[in-house]
Amino acid sequence: MGSNNVGTDNTTPVLYIPYEGETDQDQGCMPPLTQDDEMLEQVRLRLDAYHRAWLKCLQRLQSSIRSQHETMVRDVVHHVRAAYAEKAVKIPYQELPVVCIQSSLSGSSILEDISSSLDEDEDEHFPAVQVLKVHLYASDCPNVMGGMKSIIANLTERLNVLEPVKRKPSTSSANYDVEMLVAWYTALSKASHPLIVVIMHDFEQFDPRVVQDIFYIFSQNVSRLRCVFLVSLSSPVSPSFLHLAYPKSTLALLCMDTFVAPPGYTVLESALQNTFFNVEFDPDLSLGPKTFEQIVHFIKRNSISQDTFLTTIQLVHLRHFLLNPLSLVVQETPSAISSPSSLHDIMTRRLKTTDQVNGRKSPTKRHAQKDIPHVTAINQARTNFKTHFRKMRLQYGLVQFIYGFVKSQEFEDRKLPQFHLTDVMLETLRGKVHKYIQRLAPFIRNLDECQFVSLLAQLDDYFEQPSLVKSEKKAREEIANFLSLLVDKAKAFEHIVSVFSDWLEDYIADLTTRLDDLPLWDVWYTGDAPFPSEFLNPSSRASVLSGLLRPHDYGLDMEAPSANEKEAEIWRLPDISILFTRYMESGKMINVYDWFESFQVALEAQREHVKEQESAKRNHSPNKRGAKRKAPSNDSKIAEVKEEKWKVEVQARFMCALHGLDYLGFIKHTGRKADHVLRTVFDVGD
Amino acid sequence: MDELATLVAIAPPPFIFIHDPNSFQTSANAVINLLDSIACSNDNTAHLRTVAANGISCFTPRLLYDRIINSLANWTVKWEEGCSNWSLSSDPASSTRRWNDSFDGFVHGLRALHHSIRTSPAQQARKKGDDKNKRKGKGKGKQKETEEDRAVNQQVRFVIVVEHAGHLRETMPDLLVPLTRLAELTQLDLVVIFLSQVRWEDMKPSSGASPDPYFIDIPSPKKEEIVSQLEEHFGSIMRTTSDFPHADPSTLPKANRKKNAAPTGVSGQPLPGPYHPSLRQLYSHFTSILCDVCYPFTHDPREIQYIAAARWPGFVQPVLAGHAQRIERLRTRLAKRAGADHETNYMDVDEDYDEDEDEDESEELRPPTEDTRLRLSRLFKPTLTSALEELYPRLANAAAWAQLNSAPPDPDSITLSRPTSPLKMGAAAALSDTNTVQMPVTPRTNRVLRSSVQNTPHTPYTPRTPRVTSYAHNYSGDTKDVTTTMGLSILPRLSKFILIAAFIASTNPSKSDIRMFGRGLDEKKRKRRRTASTIGSKTGSGPSKVPQRLLGPTPFPLDRLIAILGALLEENDISEEIRLSTDELFNVPGEYTDMEISRVGVYTTIGELSSIWLLHRTSPPERLEGPPMFKCGISYDDALGLAKELDVPLNDLLWDPL
């Protein structure tokens with residue numbers, strides 16, 4: 001899934017969110033399920049709200065990621081355009097220019113950005129060059145012929161830069177022949193000398209044997225075809241993938257230049273900060289500490305990928321808007337007419353609960369509250385939440401600002417502790433950010449006069465951000481006060497710094513807010529809602545084992561036994577589970593015949609029970625009793641045949657179940673001891 | 001080469017095989033140039049038509065046929081004509097006859113071409129002449145016309161050269177036999193020349209159906225030959241660049257003209273570049289030193305030429321800088337002299353310079369002296385080793401390397417003491433003070449170049465960090481910096497653990513796993529019953545065993561990797577916080593890790609790591625039975641770096657530690 005398509009509804013991934021019982025906050029708030037139309041209307045409104053919220057968030061995240069790659073993109077575009085410029089070094093043969101883009105952020109949008117920048121003619125150092133781009137993916141290059149065909153067809157047919165000519169496939173050059181491309185380029189070069197840029201996405205996925213031949217073919221024709229290969233790599237710079245996978249003979253043909261993007265983790269960390277912890281940007285939905293922690297943990301530990309990152313945050317949004325009935329009021333409150341009546345019920349109950357819990361309002365006020373339309377109440381709650389949320393972001397912003405300032409200064413005797421931005425963000429959400437400011441305070445006190453003035457000036461600039469000018473007027477006044485104290489030299493410098501440090505500490509501590517104490521907080525905040533990480537990264541082995549051990553938990557069998565009678569009723573299990581239960585009871589090596597016999601015993605018990613049930617049914621039916629009496633002489637023969645059939649059936653069922661286990665990897669064949677197999681799984685905790 | 005020339009010109013055998021394992025491309029170019037020159041000469045017994053097809057470029061039979069026939073017919077594929085191939089009819093676009101559908105068609109095509117050349121050479125010549133006039137930038141047009149005129153009634157001989165013939169064995173093995181018997185099949189005067197790095201014994205068809213070729217083995221070039229080739233290269237560049245006195249500046253590229261326009265001499269002439277004729281002698285000296293350094297590692301003249309091209313501009317920079325300074329001083333002096341003329345008292349004013357300087361008022365760049373040469377070579381010799389180390393395995397490209405290792409382009413940064421004699425001016429003075437000249441200083445190294453040792457297939461090849469053109473963040477560009485900030489440390493935490501587990505699995509024998517990682521349920525500490533020190537006592541009895549890390553990584557099944565990963569995660573990854581929080585959920589010790597290692601993320605990461613070659617999958621992906629097998633793709637140093645980062649005691653976990 002391309003990162004650009006994440007926002008559109010057509011490509012929204014389907015997500016199954018299981019019902020996990022009612023959470024505390026939802027209790028008593030869900031409308032009755034019978035009101036189908038209302039429910040549908042509500043869901044529609046919620047999805048609309050989701051779409052708006054997610055799009056806003058996505059655009060911010062993407063622009064933040066893009067801005068971090070901007071410098072590199074500019075450099076690469078400049079380099080590509082200059083690939084065929086005259087060089088001072090006179091090497092004995094002409095090399096094929098290859099530009100490597102090394103980014104640890106897999107699935108990033110760098111190549112798209114470069115591709116779009118190549119179209120713009122804004123390079124002052126080089127004359128306007130027509131750039132013809134071909135995008136190549138690993139699936140386009142199963143072999144040399146496929147790769148060449150793909151490049152040539154893309155250029156000669158799809159770009160429509162030259163009028164197509166009628167050609168006979170049999171008597172003309174093959175459509176994978178580089179001579180055809182050269183002929184096309186020669187015809188094109190009469191007017192100008194365009195630059196062909198072949199962009200190879202996910203270069204590691206290409207077969208090196210194929211690509212080395214393609215490189216060779218183009219390098220042989222580099223004097224006739226101005227072509228640059230742009231390859232994107234997500235592997236580390238050292239050890240270099242290209243040097244590992246390609247022979248020296250191929251590398252010798254290339255003029256390779258490597259551009260390294262900023263580390264993927266830093267990019268994503270900064271995107272999170274710019275989206276959810278920036279004073280100037282107000283996201284519709286803010287992440288709770290648990291969700292935030294899980295997202296950061298997943299990025300750090302499992303995969304640094306832009307796609308995964310964006311999809312994860314999208315899932316958080318989707319989950320929030322699907323599960324929370326009030327989430328449709330995230331951006332704006334629908335008018336009384338358009339909003340479903342069930343919403344009014346919920347609102348009435350929620351507002352009542354809030355009043356009771358907070359106990360803030362007097363009985364008379366509460367009586368008056370009843371008359372206030374819900375719209376106003378919601379609007380009030382929204383404004384209130386936004387104000388507190390901005391305070392929280394300001395708190396983080398200040399800590400980060402002070403840390404950045406202190407880091408840029410030089411301290412001889414003290415060593416500044418290393419802060420991880422994501423940790424600071426997390427502690428801000430938890431309301432425990434003061435510990436960081438406590439660690440920074442000694443450094444502030446140690447500033448000399450010049451540094452202190454610089455800090456005050458920068459802090460004053462920081463508070464000049466549009467969203468803070470009005471709300472933090474007092475803080476600005478305080479800073480101006482400190483500056484005037486310094487100028488007047490009314491008090492000792494150490495004293496001023498110490499007072500400032502205390503003031504700053506208190507000021508930042510005062511900004512601490514518990515967002516989940518605010519009325520209707522769960523509309524704009526995910527709070528302590530758990531993140532469904534189990535669905536992003538499930539443990540397949542555990543699922544298989546629990547499926548085998550408790551098969552009834554996975555089906556809708558109403559007659560399923562309860563957990564207590566599990567041992568007693570092994571016959572109730574499916575064949576493969578019976579076999580697996582015995583497997584768990586055996587030693588390291590299993591004798592297949594013994595296993596079969598134990599399986600047979602279980603099946604016999606199963607058969608007996610089925611017979612009993614049937615006979616019980618027959619006892620109730622008088623007709624069947626009569627039919628049994630009619631053919632007493634054939635009983636023994638029929639019984640014999642049935643027995644034979646049963647034995648074959650048991651054997652077949654055993655083999656089927658055994659192969660099932662074998663396929664799942666529970667059995668290892670020894671090859672030494674006949675009739676014996678090895679166990680592969682031990683000590684499974686129930 | 002003389003042998004080949006004689007053979008082709010007089011009576012060639014139908015199939016010649018040229019084997020050159022060392023300097024293949026140089027030989028191939030030489031053969032093609034030789035054949036072209038023979039074709040143009042008048043001494044031949046037959047009219048020669050040559051073609052050079054390439055085993056890699058022609059990856060299907062159709063491409064090979066098209067390439068051979070079109071080139072022999074001197075036919076150029078044109079877009080306006082529908083990219084049609086050569087045909088007998090006057091309008092190729094309307095022709096329906098094709099020569100590329102099968103080998104039969106190809107043989108007929110060759111015969112038809114032969115016939116057409118013999119019967120209507122005049123017409124061919126006329127057509128060819130028209131074509132050549134239309135084409136631009138082909139300097140051979142006139143030459144070929146005369147060749148066509150001469151071809152009347154002469155015997156026509158086709159010479160088909162197939163470069164990289166070894167590839168034909170993989171791409172089209174069925175064609176090998178008919179190609180080697182092409183003369184016999186076509187009944188034409190035709191010679192097929194195979195040029196290959198692979199020996200004929202290794203590529204000949206097993207059926208024995210091909211005739212034995214006429215073998216020509218090209219020995220690896222001697223040092224003197226390489227030096228002379230390099231000097232020839234200097235000459236050719238000298239002729240094409242503006243350094244050559246007769247070069248016309250208008251023929252230069254626009255950018256170059258602009259560049260050269262900036263620094264000029266006293267009379268407005270551009271300052272000499274690194275390929276100035278005066279520097280030729282210095283270049284010979286330089287190439288001989290370079291060959292001394294490079295010859296033990298490579299015999300390929302192209303490679304040495306590549307390194308020379310990268311090093312030469314920096315090497316000659318002090319000389320050019322000295323010259324530029326001299327010109328500057330000369331200019332000042334002339335200005336002073338002009339001022340003095342106005343004052344009419346010339347002799348009294350000029351006291352700043354002595355009489356020696358009066359003697360060298362010419363603007364010409366003088367060849368450097370023997371002393372300068374020696375100083376330059378002493379200063380730059382260590383950098384030649386570093387150039388070889390970086391450029392031969394292409395850790396950097398020549399232009400980038402030259403830019404990074406160039407002497408400061410600004411001559412002002414070179415402190416020139418007042419020369420006592422003309423000898424000391426410029427270069428010599430610049431060289432005398434190495435502290436001020438920021439020469440690339442590379443310590444002399446005695447280590448063996450790992451990546452450049454030839455003919456040692458078992459030598460583990462560890463590519464080092466390649467040069468990076470640009471970083472998005474402000475890294476210093478130092479290789480060490482790259483390794484720590486852009487190396488394996490950028491991988492996610494789980495990937496690092498998997499790589500360490502893979503390294504252990506590839507280095508330790510599988511039997512040792514239970515001893516290294518096994519522990520009881522109740523014990524928290526790992527019990528290692530056997531330590532590495534006990535291994536030493538065994539070495540006395542029998543032949544000494546080569547340590548595994550010298551033998552290269554061994555393959556291991558996926559299950560083993562997962563099991564070792566589990567042990568590592570349990571010991572080194574779970575923090576106390578997680579342990580406490582998961583104790584309520586998981587009763588059995590290690591169950592949390594057990595869940596972790598069977599997660600989908602682990603398998604995805606292993607897949608990703610094998611796609612970027614940090615793990616090598618040794619079993620084919622289409623094999624379903626049995627676990628997939630892998631091999632570790634990182635070196636001991638890399639693994640140790642990762643282990644340090646994750647606090648894993650790697651040396652304790654290795655069966656045979658260093």
Side-chain angles (χ1 to χ4, degrees), chain A residues 71-72 75 85-92 104 144-145 165-168 170-174 177-180 183-184 187 204-205 213 216-217 220 235-241 243-245 248 251-252 255-263 300-304 537-542 685, chain B residues 54 56-57 59-60 62-63 66 77-80 82-85 87 95-96 98 233 237 253 255-256 302 305-306 309-310 313 393-394 397-400 402 463 465-466 468-473 482-483 486-488 490-494 587-588 591 595 598-601 611-613 634 638:
Chain A
T71 326
M72 197 196 80
D75 288 352
E86 183 79 15
K87 282 175 184 157
V89 175
K90 309 286 178 197
I91 55 167
S104 56
V144 185
M145 193 199 285
V165 287
K166 200 179 170 189
R167 49 182 281 270
K168 281 186 179 176
S170 57
T171 55
S172 61
S173 291
D177 190 353
V178 74
E179 289 299 325
M180 183 178 157
W184 172 83
E204 287 99 345
Q205 307 298 327
D213 283 2
Y216 183 85
I217 293 167
Q220 293 294 301
S235 50
V237 175
S238 169
S240 158
F241 169 78
H243 289 81
L244 280 171
K248 211 216 115 231
L251 295 175
C255 176
M256 232 169 3
D257 287 290
T258 310
F259 290 80
V260 181
K300 243 184 208 173
R301 192 179 169 80
N302 286 66
S303 143
I304 304 171
N537 188 15
S539 181
S540 50
R541 184 168 166 267
Chain B
N54 195 305
I56 302 176
S57 298
F59 47 89
T60 62
R62 181 179 168 171
L63 291 184
D66 281 350
V77 174
K78 284 185 179 167
W79 179 255
E80 297 83 2
C83 297
S84 50
N85 291 322
S87 76
S95 166
T96 50
R98 60 186 291 193
H233 181 65
I237 298 172
N256 206 21
R302 257 161 73 107
Q305 213 167 326
Y306 188 84
R394 293 295 188 278
N397 65 59
T465 312
V468 172
T469 309
S470 156
Y471 294 100
H473 280 203
V482 177
T483 320
M486 301 308 297
L488 295 173
I490 58 161
L491 292 174
R493 193 173 165 83
L494 190 64
N587 303 321
V588 183
E591 203 180 344
M595 283 287 278
S598 62
R599 285 193 187 280
V600 170
S611 80
I612 58 174
W613 285 51
I634 59 168
D638 290 333

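In what follows, every chain begins at residue 1, and chains take the letters A, B, ... in the order their sequences are listed.
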Look at A542(A), A245(A), C255(A), S540(A) and state which one has the largest set of heavy-atom pairs under 4.5 Å with chain B. A245(A)
If we ignore angles and hydrogens, is there a donor and acceptor under 3.5 Å between the side chains of E204(A) and S235(A)? yes
Could you tell me which of Y216(A), W184(A), F241(A) has the largest number of non-hydrogen atom pairs under 4.5 Å with chain B? Y216(A)
May I ask you to name which of A310(B), S611(B), G601(B) has the most heavy-atom pairs under 4.5 Å with chain A? S611(B)
If you compare all heavy atoms of W79(B) against all heavy atoms of A187(A), which two are closest, and at what distance to 0.1 Å? CB-CB, 3.8 Å
Do you know which of D66(B), V600(B), L491(B), I634(B) has the most heavy-atom pairs with chain A at a distance under 4.5 angstrom? V600(B)
Counting heavy-atom pairs under 4.5 Å to chain A, which of L63(B), V77(B), L494(B), I56(B) comes out on top? I56(B)
Need one label for Y306(B): side chain, backbone, both or neither, based on atoms under 4.5 Å from any heavy atom in chain A. both
By a 4.5 Å heavy-atom criterion (distance strictly below it), what part of V178(A) contacts chain B: side chain, backbone, both, or neither? neither
If only atom types and distance count, is the side chain of D213(A) paired as donor or acceptor with the main-chain N or O of V144(A) below 3.5 Å? no
Can you tell me how far CZ of R302(B) sits from CD1 of I91(A), rounded to the nearest 0.5 angstrom? 9.0 Å
As an exercise, state the distance from NZ of K78(B) to OG of S173(A), rounded to the nearest 0.5 Å. 13.5 Å
Does any N or O in the side chain of H243(A) come within less than 3.5 Å of the main-chain N or O of R394(B), such that one atom is a donor and the other an acceptor? yes
